[in-house]
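In what follows, residues are counted from 1 in the order of the sequence shown.
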Amino acid sequence: TARIWDSLTGESLAVLKGHEGELTSVAFSPDGTRVATASADKTARLWDSETCESLAVLTGHEGPLSSIAFSPDGTCAATASWDNTARLWGLSNAEIHKNRLTARATRSRLAPTVDAWFAGDLASVKAKLAAAKATMPPADWREAANLVLIKAQQQRDAAKAAAADDK
């Protein structure tokens, strides 16, 4: 995961969740509206820096990514991988919008399944997610894992708020 920090207060403002492996590189777009992350999980992700919404998942490398960078005008990103390849990615609004719609549709389709997993304790949720990895397409499993992380964080936040209200 990557975190967005307030540089004045040192407060963590947001957590960008979605990668399965450790992060290897992070870059801000030249205009500051997007964040790109590269990971050992062989993917790069593009995020909205204000809402922290995932805009796109860039897949295709056969090895862990080592770096990511934006072009000076922010319309492209370049990734490099330990598989000795580099890729250029078009980041037009149309491409980002298409990826966002696909991700939203996948999340909507998977949300009832993930919600049902949370009927048990967190250990059973993790077991169900692990079992699903063998049967789900990789892109669906990554989105399901992201939904599990988000829902678990929401539950922790709600528990903290409830504990604070009780005091």
Side chain to side chain contact (heavy atoms under 4.5 Å, CB included) assessment of S39 paired with L65 | CA-CA 5 Å; S39 173; L65 300 186; 6.0 Å; no
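- Two residues are said to be in side-chain contact when any heavy atoms from C-beta on lie closer than 4.5 Å; L46 and L91 meet this criterion.
- For residues 71-90, the set of pairs meeting the salt bridge (Lys or Arg N to Asp or Glu O under 4.0 Å) definition, not counting sequence neighbours, is empty.
- The other members of the hydrophobic cluster of L110, by chain and number, are V114, W117, F118, L122, V125, L129, M136, W141, L147, V148 (side-chain heavy atoms under 4.5 Å, ILVMFWY only).
- Here the closest heavy-atom approach between residue T51 and residue D48 is recorded as N-OD1, 2.8 Å.
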Counting only pairs under 3.5 Å, give me each side-chain donor-acceptor contact of residues 13-23, with atom names and distances, residues two or more places apart or in other chains.
from, atom 1, to, atom 2, distance (Å)
K17, NZ, Q153, OE1, 3.2
H19, ND1, D41, OD1, 3.4
H19, ND1, D41, OD2, 3.2
H19, ND1, T43, OG1, 3.2
H19, NE2, T37, OG1, 2.7

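- When all heavy atoms of S81 and G63 are compared, the pair lying nearest together is OG-O, 3.1 Å.
- S49 places a side-chain N or O within 3.5 Å of a backbone atom of G32 that can act as its donor or acceptor partner.
- In plain terms, the two heavy atoms of K42 and P64 that are nearest each other are CG-N, 3.9 Å.
- Between D115 and P112, every side-chain heavy-atom pair lies at or beyond the 4.5 Å cut-off.
- The minimum heavy-atom distance between A78 and L88, with the atom names listed, is CB-CD2, 3.7 Å.
- T24 contributes a side-chain N or O that, together with a main-chain N or O of A38, makes up a donor-acceptor pair within less than 3.5 Å.
- When side chains are defined from C-beta on, L55 does not count as touching W47, because their heavy atoms never get closer than 4.5 Å.
- Looking only at side-chain heavy atoms (C-beta outward), S54 and R107 come within less than 4.5 Å of each other.
- The nearest pair of heavy atoms linking C52 to I4 is SG-CG1, 4.3 Å.
- Shortest non-hydrogen contact noted between K128 and A116 is NZ-O, 4.4 Å.
- Crowding of E50 atom CD: a count of heavy atoms from other residues, nucleotides or ligands under 6.0 Å not exceeding 12.
- From S67, atom OG reaches atom CH2 of W82 across 8.5 Å, with rounding to the nearest 0.5 Å.
- A 4.5 Å side-chain heavy-atom check between T85 and E62 finds every atom pair outside the cut-off.
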